[in-house]
Chemist: 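Dumping the structure here so I can ask a few things about it.
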Amino acid sequence: MLKVHDTLSGKLEVFEPINPGAVGMYVCGVTVYDRSHIGHARALVCFDVIYRYLKFCGYEVTFVRNFTDVDDKIIKRAEQRGVPAMQVSEENIAAFKEDMRVLLCEQPDLEPKATEHIAEMIELIGELEAKGLAYESGGDVYFAVDRLPEYGKLSHRRLDDMMAGARVEVDERKRHPMDFALWKASKPGEPDWDSPWGKGRPGWHIECSAMASKYLGQPFDIHGGGNDLVFPHHENEIAQSEGARGCTLARYWLHNGMVNLGSEKMSKSLGNFMTIQHCAAEYGGEALRYLVVGTHYRGPLDFTVERLQEQKKVLDRIYESLARADEALAGAAAKPDAGLIDEHVAAFREAMDEDFNTSRALAALHDALRGMNRYLDAGQLPQAAACREALRRIGAVLGIGTQDPAAYLESLKQQTLSTGDLTAERIEALIAERLAARKSRNFARADEIRDELKAQGIILEDSPAGTTWKTA
RNA sequence: GGCGGCGUACCCAAGUGGUUAAGGGAGAGGUCUGCAAAACCUCCACUCAGCGGUUCGAAUCCGCUCGCCGCCUCCA
C-alpha cells in the first residue's frame, strides 16, 4: 500500500488513483532560458523515480512534464544575444534533453510546450472572465484572488497574512495587490499572439492549468514540482483551474526539497549554482542521481563536491561487483532462487511505499549487493543469481546500476587513459614485466611497478585469472 | 509579521511512541594474498541541539530555549 505526503493536507495519504490501475501525473518542468543546474536535477530525478515506481507497482502512468518556452527571462536573454526568443528556447530544450539523458531519466509520456497551447490558455482565461474571476485592465488580464474564498489553501496562508510583511509592489492596473497576470499585453518586438484582449502573451501559471487538464483531464491524480513552486505557482494553478472548472485540479500534491550550496538555496538568481552538464562531465550523471536518491525527496539536500566524489566511488564499486557477478553467472545459467529475489524486492517495496523512501530503498539495494558478493564468494550461484536479479529490479526503479557493468568499467578506463600519459599497451607491458618479476620472486620490482602505476591513478588487482587494472 | 522545514556517530543519512537507533563513506581489527587491491566477517551513537512536560514507555507527542534554512518576488 503506497502512501504519499500531500502538501494540500499536509499529511501522509494512502494513494488511490481516480481510475483504478491508471495514474495521471503532471510535473512542472523548466523555463528554458539557460542550462539546468543541480537543483533542477534533483526535481527531475525525484519525479523520474516516482514515475518509475508507480509503473513498477503496476499502474499505467501518463506522465506529463511541460516546457515553459515563453517568459520574461527568455525574452530578455534573446534581446541580450540579439536572436529570436524561439532560438533561445529551442537551444535550451535540446540541452535539457541531453541533461536528461546524462541523468538516465526516462522520457515523460508527453512534453508539451507552452507556446503550442496558447489557444487552450485563451479559452481558460475566457472561462474565468465569464465567471467574474478575471478582469481585463489595460490589455492585461488578471485573476481576482479575493473572489475565490479558498485562495491560499495549498500554501496554507490567508490573503491578509500574505499582505502583512510581503514585498508587494503597488500596481495600479491590479484591483488587489495579490492578483496575478493571466495574460500580458506585449511590448513591441516581443513574441505575441492574438487574443480577445489584444496582442499579448500568457502569464506563467496559466500554461500548466491548460496543459494539465488537456492531457490528463480534471481532476487528475498527482501534481508535482519543487517546493518553491507551492506559492505562488501551484496556488495560482489551483485558483485558475478550480475557479474555471468548478472541480478539484489534482488529488495529490507532491513537492521535492531544495538543493543547498553552502547552506543556501541553489538558484540562478543567487549565482551559486553548478550545471548538470558541468557536474556530469566530472563525475557522471549517475553519481548525481545517486546523491539525489540518497536523500529523502522532501528534505533539503546540501550539495558538496566531496559527497559527489564519494557517491561516484560507491557507484564504481557497485559496477565492479555487478561485472564480477555477470561474469560468474554467464555460463552457469544458474536458476535464481525465487524466494530470495522476493525477499530483497519486498524490503525495497516496503521502503518505497512509505512516501518513496529512497534512502531506505538504497539500504535494500546494498543488502542485496552484499548478499550477492557473499554468495559469489561462497560459490552459491543460484542465490547469487537471485541477488543479481533483485539488484536489477531495484536498480531499474532507482535508476542505479542500470548500465552495462562491463561497458561502464571500460569507459572508466578509457577516461583514465585519455587524461593521463599512459597507454593501455604501456600498462599491459608493465603488468607483463611485473608478472615476470613475481615469477622469479623479485617482489621488490613487482611492488615498484605497482607503486609507479598507483602514482598515476592505476590500481592493479591480482586474481587467479590474472592481473587486471582499474582506475583509482 | 505570516506559513513551512531542519538540528541523529568523524562525514552523509533513515527512523517519528515500545525488541540490540537502518544503510553508505571514513576509521580499526580479521579472512584471503608473496605483499596488496577487491570481496567477505567483526567493531565503531546506553544515545538522538538544550531544558521541561505527557506516558508504564519518547529521538519520535506537547511546551519553551538555542542554532540554521526555505517560501511570502522570477525560481526545481
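To find a chain, count down the sequence lines: A is the first, B the second, and so on, and within it residues start at 1.
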Chemist: Rounded to whole Å, how long is the line connecting atom CG of A:Asn227 with atom C1' of B:C3?
Modeler: 12 Å
Chemist: Any base atoms under 4.0 Å from A:Val230, or only sugar-phosphate, or nothing? Heavy atoms, all strands.
Modeler: nothing
Chemist: Any carboxylate oxygen within less than 4.0 angstrom of a Lys/Arg side-chain nitrogen, looking at A:Lys3 and A:Asp353?
Modeler: no
Chemist: Quick one: label A:Val27 by what it contacts on the DNA or RNA (base, sugar-phosphate, nothing), any heavy atom closer than 4.0 Å.
Modeler: nothing
Chemist: Using the side-chain heavy atoms of A:Asp161, tell me which of these nucleotides is nearest: B:G2, B:C74, B:A76.
Modeler: B:G2
Chemist: Centroid-to-centroid, A:Phe180 to A:Tyr142, below 6.0 Å?
Modeler: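 Not close enough - the centres of the two rings lie 6.0 Å or further apart.
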Chemist: If only side-chain N and O atoms of A:Asn373 are considered, is one of them under 4.0 Å from the OP1 or OP2 phosphate oxygen of B:C40?
Modeler: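 A:Asn373 to B:C40 OP1/OP2: side-chain N or O found under 4.0 Å.
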Chemist: Taking any heavy-atom pair under 4.0 Å as a contact, classify A:Lys470: base, sugar-phosphate, or nothing.
Modeler: sugar-phosphate
Chemist: In whole Å, what separates the C1' atom of B:A9 from that of B:G23?
Modeler: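 Taking atom C1' in both B:A9 and B:G23, they lie 14 Å apart.
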Chemist: Please check if any side-chain donor atom of A:Glu111 sits under 3.5 Å from a side-chain acceptor atom of A:Gln107, or the reverse.
Modeler: yes
Chemist: Which protein N or O atoms sit under 3.5 Å from an N or O of nucleotides 41-44 of chain B?
Modeler:
residue, atom, partner, partner atom, Å
B:C41, OP1, A:Arg374, NE, 3.2
B:C41, OP1, A:Arg374, NH2, 3.0

Chemist: Looking only at the side chain of A:Glu264 (C-beta and beyond, no hydrogens), which of the listed nucleotides B:A36, B:G70, B:C74 gets closest?
Modeler: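 Nearest nucleotide to the side chain: B:G70.
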Chemist: Which nucleotide wins on minimum distance to the side chain of A:Asp228, given the candidates B:A39, B:A76, B:G23?
Modeler: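 Of the options given, the side chain of A:Asp228 lies nearest B:A76.
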Chemist: I'd like to know if A:Arg52 and A:Asp48 make a salt bridge, using a cut-off of under 4.0 Å between side-chain N and carboxylate O.
Modeler: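 Between A:Asp48 and A:Arg52 there is a salt bridge, with a charged N closer than 4.0 Å to a carboxylate O.
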Chemist: Nearest whole angstrom, please: distance from the C1' of B:A76 to the CG of A:Asp99.
Modeler: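 Checked: the CG to C1' distance equals 13 Å.
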Chemist: Looking at A:Arg173 and A:Asp140, is there a salt bridge between them, counting it only when a charged N and a carboxylate O are closer than 4.0 Å?
Modeler: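 Answer for the salt bridge query: yes.
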Chemist: Are more than 12 heavy atoms, taken from residues, nucleotides or ligands other than A:Arg392, located less than 6.0 Å from that residue's CZ atom?
Modeler: yes
Chemist: Could you tell me how the ring of A:Phe56 sits relative to the ring of A:Phe348: parallel (under 30°), tilted (30 to 60°) or perpendicular (over 60°)?
Modeler: perpendicular
Chemist: With A:Ala95, which residues qualify under side-chain contact (heavy atoms from CB on, under 4.5 Å), at least two apart?
Modeler: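 A:Ala95 satisfies side-chain contact (heavy atoms from CB on, under 4.5 Å) with A:Arg35 only.
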Chemist: Is the ring pair A:Trp253/A:His223 parallel, tilted or perpendicular, if the boundaries are 30 and 60 degrees?
Modeler: parallel
Chemist: Could you give the CH2-to-P distance, from A:Trp253 to B:G4, as a whole number of Å?
Modeler: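 In whole Å, B:G4 P lies 19 Å from A:Trp253 CH2.
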Chemist: Classify A:Gly10 by what it touches in the nucleic acid, base, sugar-phosphate, or nothing, heavy-atom distance under 4.0 Å.
Modeler: nothing
Chemist: Between the side chains of A:Asn66 and A:Glu207, is a donor N or O closer than 3.5 angstrom to an acceptor N or O?
Modeler: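 Yes, a side-chain donor-acceptor pair sits under 3.5 Å.
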Chemist: In plain terms, say whether A:Arg77 and A:Asp71 are close enough for a salt bridge, that is, a side-chain N and a carboxylate O under 4.0 Å apart.
Modeler: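 Salt bridge absent between A:Arg77 and A:Asp71.
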Chemist: Atom CG of A:Asn236 to atom P of B:C72: distance rounded to whole Å?
Modeler: 12 Å
Chemist: Assign A:Gly225 to base, sugar-phosphate, or nothing according to its heavy-atom contacts below 4.0 angstrom with the strands shown.
Modeler: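 Answer is sugar-phosphate: A:Gly225 comes under 4.0 Å of backbone atoms only.
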Chemist: So, are A:Asp6 and A:Lys11 salt-bridged, with charged N and O less than 4.0 Å apart?
Modeler: no
Chemist: Look at A:Lys470 together with A:Glu320 and state whether they make a salt bridge at an N to O cut-off of under 4.0 Å.
Modeler: yes
Chemist: Students often get this wrong, so: under 4.0 angstrom with heavy atoms, is A:Arg298 touching a base, only sugar-phosphate, or nothing?
Modeler: nothing
Chemist: Once the angle between the rings of A:His37 and A:Phe273 is folded into 0 to 90°, is it parallel (under 30°), tilted (30 to 60°) or perpendicular (over 60°)?
Modeler: tilted
Chemist: Please report whether the ring centroid of A:Tyr26 lies less than 6.0 Å from that of A:Phe63.
Modeler: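 Not close enough - the centres of the two rings lie 6.0 Å or further apart.
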Chemist: Any salt bridge between A:Glu282 and A:Lys312, counting N to O under 4.0 Å?
Modeler: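 Salt bridge flag = no for A:Lys312 with A:Glu282.
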Chemist: Quick one: are A:Ile427 and A:Leu430 in side-chain contact, heavy atoms under 4.5 Å?
Modeler: no
Chemist: Kindly give the atom pairs (protein nitrogen or oxygen, nucleotide nitrogen or oxygen) under 3.5 Å for nucleotides 9-16 of chain B.
Modeler:
residue, atom, partner, partner atom, Å
B:C12, O3', A:Arg307, NH1, 3.2
B:C12, O2', A:Arg307, NE, 3.0
B:C12, O2', A:Arg307, NH2, 2.7
B:A14, OP1, A:His296, N, 2.8
B:A14, O5', A:Ser359, OG, 3.4
B:A14, O3', A:Asn357, ND2, 2.9
B:G15, OP1, A:Asn357, ND2, 2.9

Chemist: Let's see if you get this right: which residues in residues 433-448 of chain A place a heavy atom under 4.0 Å from RNA chain B?
Modeler: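 Of all residues in residues 433-448 of chain A, the ones placing a heavy atom under 4.0 Å from RNA chain B are A:Arg434, A:Arg438, A:Phe443, A:Asp447.
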Chemist: Just the dot-bracket of RNA chain B, please: which string comes out with Watson-Crick or G-U pairs under 3.5 Å, [ ] for crossing, | for another strand?
Modeler: ((((((((.[[[..)..(....]]].(((((.......))))).....[[[[[..)....]]]]])))))))....
Chemist: Listing time: all N or O pairs from protein to nucleotides 26-32 of chain B that are below 3.5 Å?
Modeler:
none

Chemist: Starting at CG of A:Asn260 and ending at P of B:A76, how long is that distance when rounded to a whole Å?
Modeler: 16 Å
Chemist: So what does A:Ser269 hit on the nucleic acid, given a heavy-atom distance under 4.0 Å: a base, only sugar-phosphate, or nothing?
Modeler: base
Chemist: Would you state whether a donor and an acceptor, one from the side chain of A:Arg450 and one from the base of B:A36, lie under 3.5 Å apart?
Modeler: yes
Chemist: Between B:C51 and B:G70, how far apart are the two P atoms, rounded to whole Å?
Modeler: 28 Å
